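Below is one structure; the comments refer to it alone.
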Amino acid sequence: MKALAIGFKPSDLGEALAVLNRLAEALGEELEANALIISKEPFKHGGFHKIYHVKTASLYNSIGSIYKVMDDLTVDTVVSPNIKDGVDLLGRVATKIDGFMVTEVSSIEKIDGDVYLARPILGGRATAYYRYTPGTLFTYTVGKFQPIDEAGEPDVIEVTTEPGSYTVVGVEEKKRGAVDIESAEVVVGVGRGFRSKDDIKMASELAELLGGEVGCSRPIAADFGWLDEDRWIGISGKKIRPKLYIPIGISGAPQHIMAANDSKVIVAVNKDKNAPIFNYSDYGVVADLYQFLPVFIKVLRERLVK
Amino acid sequence: MDIAVLVKASLDVNLVRGDAEGRLLKEAIPLAISEYDRNAVYEAVRLRDALGGKVYILSVLTWGPTQRRMRDFENVVREALALGGDEAHVVVDEAAVEAGPKATAYILSKLVDKLGGVGLVLCGEASMDMMASQVSNYLASYLGYNSVTFVRELSIEGGKVRCKRDLENYIEMVETELPAVISVTGEINKPRLPTLLQIRRAFAKPLKTYSLSDIGVSELPKQTPTKYELVKVSRKNIIIEGASMEEIASKLVDKLIEEGVLRR
Ligand SMILES: Cc1cc2nc3c(=O)[nH]c(=O)nc-3n(C[C@H](O)[C@H](O)[C@H](O)COP(=O)(O)OP(=O)(O)OC[C@H]3O[C@@H](n4cnc5c(N)ncnc54)[C@H](O)[C@@H]3O)c2cc1C
């Protein structure tokens with residue numbers, strides 16, 4: 001099996017190698033892995049036959065050159081991390097090589113001799129299985145495959161940039177704090193149950209006490225702007241996998257909870273005993289957050305210092 | 001400039017149904033307009049009001065059985081018309097059911113051809129049910145149009161479209177020439193709920209239904225999942241009860257210590 005892995009940053013290659021090894025193993029075939037790096041700086045990683053490098057941070061500056069690499073290399077599959085540029089790129093390549101694409105593959109399964117790519121659908125409520133055949137490209141969920149680090153320094157082939165029919169006219173930084181809720185050990189989730197921006201202080205206090213970060217549902221970031229977008233948890237925001245997630249005043253819409261289902265323990269606080277969030281929780285507290293949180297913080301403080 | 005908007009009648013993710021054996025009961029899940037497609041329609045209407053032309057609503061029914069889905073499907077299309085679309089062109093054909101994003105894009109390309117081409121195609125960045133984000137790139141490729149994805153702001157000037165792409169870590173400004181297919185994010189605008197009058201008017205707008213053979217499609221590049229499975233959520237679902245907030249808080253702390261998730 002001959003494959004091409006797309007990499008935007010160094011950690012992508014170890015993960016891609018894990019994905020491709022898993023696929024080759026399921027198929028019972030030898031793997032020849034190649035990589036295409038789209039990044040200002042090249043990076044090296046063992047385990048690859050050839051590494052191509054397009055020197056640009058922007059996919060839209062490099063679409064022409066990527067097509068050139070694809071002409072140069074006949075592969076059975078192309079894989080990319082499931083980030084927006086990766087999804088965009090594979091959609092383009094799939095039409096270019098007359099293949100198919102599967103978005104956001106979270107596992108590769110062998111069932112009755114056939115190999116399947118499994119992905120979440122319906123807001124994470126169901127899984128769809130697609131049979132893998134050569135010519136199927138896919139993006140994989142970041143964090144689901146244990147990266148493989150392999151020594152070795154394959155040659156890097158520089159590819160000149162060719163934007164095709166697009167011009168990148170600039171880049172804007174996003175408004176953000178310096179938080180990374182995706183790797184936080186504890187996350188306290190703020191939902192519409194909070195009545196004002198000021199009240200979020202309670203959640204911050206709790207998060208600090210637990211050594212964690214504050215995250216939120218979409219309306220808190222997108223509609224009210226009470227918290228920055230990098231704290232927004234959900235299918236259109238960040239995916240989290242902490243040891244402990246505490247959604248407070250969050251109803252438990254599938255678009256939100258799907259991105260938190262990898263949490264080890266979930267504790268929900270909601271005043272509505274029928275809120276769907278309780279179905280997705282290990283422990284639930286049916287209470288008004290304004291009554292419960294101050295007490296919870298006080299009790300925690302007493303117990304934690306002891 | 002005429003604009004086509006792709007609107008999907010999506011399975012309603014809030015009303016997912018399954019049986020005790022973990023089978024997904026697709027046919028029992030009602031259809032709803034795919035949320036981001038409402039943003040796409042709203043954006044198209046804004047552009048039309050500034051630049052003139054028509055807004056065509058295009059849709060392919062991809063969940064079956066088509067016969068039983070017709071009322072739901074028409075509601076979705078009428079909703080898009082109520083949001084300001086001028087006329088709707090839709091494809092209903094059992095062969096298009098669960099045929100996958102490439103087949104859907106191919107059908108849509110034939111529908112755009114039927115309209116004699118358009119200056120711009122807009123759609124949501126992903127459908128609510130499948131979230132594959134593939135149709136826009138496939139469609140652009142079939143039509144030979146340019147394609148820009150994940151756009152949260154766009155403006156059109158002199159045959160060019162300037163887009164702000166909303167990426168994970170930054171926003172990228174990209175320019176390309178029309179005709180183009182653009183997928184928009186939920187942040188591009190805030191669609192207002194249609195008024196009763198708009199809803200009533202939507203019923204008087206043209207809605208034309210085609211079969212695959214009507215638009216000259218005989219073979220489809222199909223990609224259908226082999227199977228679906230319901231995801232089991234295996235959480236403990238324990239409600240902590242107590243006579244006072246203190247008691248509840250204390251019991252909860254006990255549990256968290258037991259689980260080993262508290263930093264001590
Ligand atoms: C296309 C699309 C994408 C989306 N993507 C995301 C996403 O990425 N992330 C996301 O979060 N959402 C997303 N959503 C929105 C999602 O569907 C929900 O609307 C949203 O998650 C609801 O946020 P919430 O739970 O904070 O608010 P609500 O649903 O309004 O829930 C508020 C909850 O607070 C409780 N409450 C109220 N007052 C109190 C109180 N005093 N004490 C305790 N509890 C109280 C209520 O009982 C209720 O359960 C998306 C929606 C669409 C259509």
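Computed from a prediction, not measured in an experiment: that's the story for all the values here. Values below: all heavy atoms of this structure, side chains included; hydrogens, waters and symmetry mates excluded. Throughout, a chain's letter reflects where its sequence line sits, starting with A, and its residues are numbered from 1.
Residue Lys273(A): no heavy atom, backbone or side chain, is found under 4.5 Å from chain B. In this structure, the portions of Thr167(A) lying under 4.5 Å from any heavy atom of chain B include both its backbone and its side chain. For Ile266(A), the parts lying near chain B are the backbone and the side chain together; criterion is any non-hydrogen pair under 4.5 Å. Heavy-atom distances place both the backbone and the side chain of Val102(A) under 4.5 Å from chain B.
No side-chain heavy atom of Asn237(B) sits less than 4.5 Å from a side-chain heavy atom of Asp282(A). Counting heavy atoms from C-beta outward, Phe278(A) and Arg235(B) have side chains that stay 4.5 Å or more apart. No side-chain heavy atom of Val186(A) sits less than 4.5 Å from a side-chain heavy atom of Val261(B).
Across Ser281(A), Ala128(A), Pro294(A), the residue that shares the most heavy-atom pairs under 4.5 angstrom with chain B is Ser281(A). Chosen from Lys251(B), Met128(B), Met130(B), Lys160(B), the residue pairing most often with chain A at heavy-atom distances under 4.5 Å is Met130(B). The greatest number of non-hydrogen atom pairs below 4.5 Å with chain B, out of Ala222(A), Gly99(A), Gly237(A), is found for Gly99(A). Comparing Leu252(B), Leu11(B), Thr185(B) by heavy-atom pairs within less than 4.5 Å of chain A, the highest count is held by Leu252(B). Of the listed residues (Glu246(B), Glu172(B), Lys190(B), Gln223(B)), the one with the most heavy-atom contacts under 4.5 Å to chain A is Gln223(B). Options Ser147(B), Ser133(B), Ala132(B) differ in how many heavy-atom pairs under 4.5 Å they form with chain A, and the most are formed by Ser147(B). Of the listed residues Arg92(A), Lys243(A), Arg131(A), the one with more heavy-atom pairs under 4.5 angstrom with chain B than any other is Arg92(A). Most heavy-atom pairs under 4.5 Å with chain B: of the set Asn61(A), Val169(A), Leu244(A), Asn261(A), this distinction falls to Val169(A).
Here the closest non-hydrogen pair linking Ala287(A) and Met245(B) is CB-CE, 3.7 Å. In plain terms, the two heavy atoms of Val13(B) and Gly123(A) that are nearest each other are CG1-N, 3.9 Å. What you find for Lys102(B) and Phe100(A) is that their closest heavy atoms are CD-CE2, 3.8 Å. Residues Met173(B) and Val171(A) come closest through the heavy atom pair CE-N, 3.9 Å.
For the residue pair Glu177(B)/Ser165(A), the side-chain donor-acceptor check at 3.5 Å is not satisfied. A donor atom on one side chain and an acceptor atom on the other are not found under 3.5 Å apart for Glu172(A) and Tyr170(B).
Crowding of Arg152(B) atom CZ: a count of heavy atoms from other residues, nucleotides or ligands under 6.0 Å exceeding 12.
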### Query
Can you list the steps and then say if Gln255(A) with Glu35(B) is a side-chain contact (heavy atoms from CB on, under 4.5 Å)?
CA-CA 12 Å; Gln255(A) 299 93 353; Glu35(B) 193 60 28; over 6 Å; no
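In this structure, Lys227(B) forms a cation-pi arrangement with Tyr129(A), its terminal cationic atom sitting closer than 6.0 Å to the ring centre and no more than 45° off the ring axis.
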